[in-house]
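A short write-up of the structure that comes next.
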Amino acid sequence: MSTRPAPLARAGVAVVVAVAALLSGYKLWLMWMSREPSWPNMVARVDIPSPADNSLQPAMFYAPPPSSAEAPRPLLVALHTWGAGFNQSDSIAYADWCIAHGWVFVHPHFRGANDQPAAMGSEWVVADILAAVEYAKQHAKVDPGRIYLIGESGGGYAALLMAGRAPQEWAGASVWVPPVDMQAFHDESKARGLRFAAHIAQACGGAPETGSAAAAECAKRSATTTLARARDVPIDLNAGIRDGHDGGGSVSIRHSLTAFNLLADPADRFSA
């Protein structure tokens with residue numbers, strides 16, 4: 001990578017990586033139990049004003065019990081997956097970890113599933129996630145130097161988008177199997193018969209044909225457009241080597257390799 005993050009930032013990212021790793025085991029346990037989890041009582045559903053359109057956007061929020069003697073706490077901003085929203089059960093593991101370790105937690109809606117113009121990397125999405133950070137600062141004792149992003153799939157895409165759009169906000173991000181180039185993700189999904197191609201067309205105002213307004217909109221909403229601005233943000237980037245190939249996941253590993261190349265020094269980048 002191009003920079004050497006401070007030890008505190010590295011430690012924070014390592015912790016966030018551990019949280020995400022625990023999520024996989026948590027999901028397996030839930031499958032074994034054959035039941036949907038419920039959010040802990042200590043995590044509240046809140047409504048956060050968005051400066052984008054003055055609407056109230058839902059989120060799940062947890063603040064440790066206040067104490068004047070305690071130092072400010074780290075904040076984990078967890079981002080839902082492609083087709084989900086603020087109350088996605090997959091993210092309960094993040095909240096449980098934050099409760100156990102005394103972190104502040106917020107899980108914003110940022111316009112829900114990525115199949116509509118207001119969602120999928122829009123200006124509303126950016127404003128909503130930053131508004132969730134401000135809400136957490138106003139309602140908890142947050143350390144502004146330890147605010148972390150975490151997300152998988154569509155949440156990983158949103159995390160990288162935010163890392164590039166507001167790099168000054170984040171002490172680090174842990175990102176798992178993210179699509180980063182919406183044009184490429186559309187074309188790959190269309191070729192494989194996946195629903196994401198239709199979602200991207202719905203969000204961008206049509207199929208992103210070369211030279212079209214929809215293609216320009218796809219580029220604007222892609223994390224790749226601004227990700228190079230996040231070269232000073234410690235980013236933990238994860239993908240499976242067969243993702244998108246040989247029956248692997250929905251998002252090709254090429255997206256993570258593309259993201260890496262935008263963040264890395266030229267000598268460290270992957271060749272074509």
Quick check against the 3.5 Å criterion: does [X] have a side-chain atom that pairs as donor or acceptor with the backbone of [Y]?
X: Asp243; Y: Gly240; result: yes
X: Trp39; Y: Met60; result: no
X: Trp103; Y: Ile99; result: no
X: Gln202; Y: Asp115; result: yes
X: Ser212; Y: Ala215; result: yes
X: Arg73; Y: Val142; result: no
X: Asp47; Y: Leu56; result: no

Would you say that more than 12 heavy atoms from the other residues, nucleotides or ligands in this model lie under 6.0 Å from the [atom1] of [X], or not?
X: Lys137; atom1: NZ; value: yes
X: Arg242; atom1: CZ; value: no
X: Arg254; atom1: CZ; value: no

Give the minimum heavy-atom separation between [X] and [Y], together with the two atoms involved.
X: Ala230; Y: Pro167; result: CA-CB, 4.3 Å
X: Leu237; Y: Ser256; result: CD2-O, 3.3 Å
X: Pro72; Y: Arg146; result: O-NH2, 3.3 Å
X: Gly121; Y: Val125; result: N-CG2, 3.9 Å
X: Phe105; Y: Phe61; result: O-CD1, 3.2 Å
X: Phe196; Y: Ser250; result: CE1-CB, 3.5 Å

Is there a side-chain contact between [X] and [Y], using heavy atoms and a 4.5 Å cut-off?
X: Val106; Y: Leu76; value: no
X: Pro179; Y: Val251; value: yes
X: Gln57; Y: Pro108; value: no
X: Ile150; Y: Leu79; value: no
X: Pro64; Y: Tyr62; value: yes
X: Cys204; Y: Met120; value: yes
X: Asp236; Y: Trp176; value: yes
X: Pro40; Y: Asp96; value: yes

>> Given Met162, which partner from the list Leu130, Val233, Val77 fulfils the side-chain contact (heavy atoms from CB on, under 4.5 Å) test?
In response: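 By the side-chain contact (heavy atoms from CB on, under 4.5 Å) criterion, Met162 pairs with just one of Leu130, Val233, Val77: Leu130.
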>> Under a plain distance cut-off of 3.5 Å, with no hydrogens placed, do Thr81 and Gln88 share a side-chain donor-acceptor pair?
In response: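 Their side chains do contain a donor-acceptor pair, which is all the 3.5 Å distance test asks for.
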> When the ring planes of His199 and Trp82 are compared, do they come out parallel, tilted or perpendicular, using 30° and 60° as the limits?
Replying inline: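 Geometry flag for Trp82 against His199: parallel rings.
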> Parallel under 30°, tilted from 30 to 60°, perpendicular over 60°: which one fits the rings of Tyr135 and His139?
Replying inline: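 Answer is parallel, since the angle falls under 30°.
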Joint hydrophobic cluster, [X] plus [Y], side-chain heavy atoms closer than 4.5 Å:
X: Val177; Y: Leu194; value: no
X: Leu75; Y: Leu149; value: yes
X: Trp170; Y: Val180; value: yes
X: Phe185; Y: Leu227; value: no

> For His101, what residues pass the ring-ring contact (aromatic ring centres under 6.0 Å, His included) criterion, not counting sequence neighbours?
Replying inline: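 ring-ring contact (aromatic ring centres under 6.0 Å, His included) list for His101, sorted by chain: Trp97.
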Between [X] and [Y] (salt bridge meaning N to carboxylate O under 4.0 Å), is one present in this structure?
X: Glu188; Y: Arg192; result: no
X: Glu123; Y: Arg111; result: no
X: Lys141; Y: Asp143; result: no

> Does the separation of the ring centres of Trp124 and Phe110 fall below 6.0 angstrom?
Replying inline: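 For Trp124 and Phe110, the ring centres are not under 6.0 Å apart.
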> Of all residues at least two apart in sequence or in a different chain, which pass the side-chain hydrogen bond (donor to acceptor under 3.5 Å, both in side chains) check with His109?
Replying inline: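 side-chain hydrogen bond (donor to acceptor under 3.5 Å, both in side chains) check on His109 returns nothing, list empty.
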>> According to side-chain contact (heavy atoms from CB on, under 4.5 Å), who are the partners of Ser222, at least two apart in sequence or on a separate chain?
In response: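 Once residues adjacent in sequence are excluded, the partners of Ser222 under the side-chain contact (heavy atoms from CB on, under 4.5 Å) criterion are Asp181, Met182, Thr224, Thr225.
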